[in-house]
Amino acid sequence: MFRRALGKTLGFVGYTIQYGCIAHCAFEYIGEFVACTGPSMEPTITSNDIVFSERLSRHFYRIEKGDIIIARSPSDPKMNICKRVIGLEGDKVCTSSPSDIFQTHTYVPKGHVWLEGDNLRNSTDSRSYGPVPYALIRGRVCLKLWPFDSFGPLNDSPNERISRNS
């Protein structure tokens, strides 16, 4: 009887480990569900919205201008950020606020992206901490899941900050 109970317990532990490994690989290489907090991406993503972030684009270097991404924060590696890609390596981007009289520009260095929140007045982004290394990108947000009334693909940027020229 003890041998039978031990066999069932070990079988259960084996299945648990196996399915745990499958789930880990799926979340690490395919995608994950992310609960976004904070006002920086309003009105596109509001606080407590749940989105799906796919990871294949990052692995295949398919991140483009206008994409919303999840990345590790350059200022706090324990925290993730959700921002829009404004510029890719080699792009000339505006580093000043829209209300500034004199506009300043910089070029995004190789291996980096320029990130900004859609809510320009209430966003800590590349205008504060500079270009973000591509390696910090965790995934591309492709779908809003919650709340259900706004389920679906995400809207384009509500402002005109995305540079179209390189």
Would you mind listing every ring pair (Phe, Tyr, Trp, His ring centres under 6.0 Å) that reaches into residues 70-94, with sequence neighbours excluded?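 Qualifying pairs, neighbours excluded: none.
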Is there a chain of hydrophobic side chains (I, L, V, M, F, W, Y, each step under 4.5 Å between heavy atoms) that links Val34 to Ile30?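 Cluster IDs for Val34 and Ile30 differ.
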Count I, L, V, M, F, W, Y as connected when their side-chain heavy atoms are under 4.5 Å apart, and connections chain through other members. Are Met79 and Val113 then in the same cluster?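 Same cluster.
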I'd like to know if the side chain of Ser126 reaches the main chain of Trp114, judged simply by a donor and an acceptor atom lying under 3.5 Å from each other, with no hydrogens or angles considered.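 Not at all, since once roles are kept as given, no pair shorter than 3.5 Å links the two residues.
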Applying salt bridge (Lys or Arg N to Asp or Glu O under 4.0 Å) as the test, list every pair that has at least one member in residues 11-24; sequence neighbours left out.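 For residues 11-24: none.
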Salt bridge (Lys or Arg N to Asp or Glu O under 4.0 Å): which pairs involve residues 130-139, sequence neighbours left out?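 Pairs touching residues 130-139 that pass the test: Glu32-Arg138.
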Working to the nearest 0.5 angstrom, can you tell me the gap between [X] [atom1] and [Y] [atom2]?
X	Y	atom1	atom2	value
Ser57	Asp67	OG	CG	7.0 Å
Leu120	Asn122	CG	CG	10.5 Å
His112	Leu136	NE2	CG	8.5 Å

Contacts of [X] that satisfy side-chain contact (heavy atoms from CB on, under 4.5 Å) - sequence neighbours left out:
X	result
Asp149	Pro147
Asn48	Thr37
Tyr15	Gln18, Tyr19
Leu143	Phe52, Leu145, Phe151, Pro153

Indicate whether any N or O donor in one side chain lies under 3.5 Å from an N or O acceptor in the other, for Asp76 and Ser73.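 No donor-acceptor contact under 3.5 Å links the two side chains.
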Under the side chain to side chain donor-acceptor pair (under 3.5 Å) rule, collect the residues that match up with [X], sequence neighbours excluded.
X	result
Ser40	Lys83
Arg58	none
Asp125	Ser123, Arg127
Thr106	none

Restricting to non-hydrogen atoms, name the atom on [X] and the atom on [Y] that form the minimum distance, rounded to 0.1 Å.
X	Y	result
Ile63	Arg140	CD1-CB, 4.0 Å
Val93	Gly87	CG1-CA, 4.0 Å
Glu64	Leu88	CA-CD1, 4.3 Å

Other than Ile17, what residues sit in its cluster of Ile, Leu, Val, Met, Phe, Trp and Tyr side chains whose heavy atoms are under 4.5 Å apart, directly or through others?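 Besides Ile17, the cluster holds Val13.
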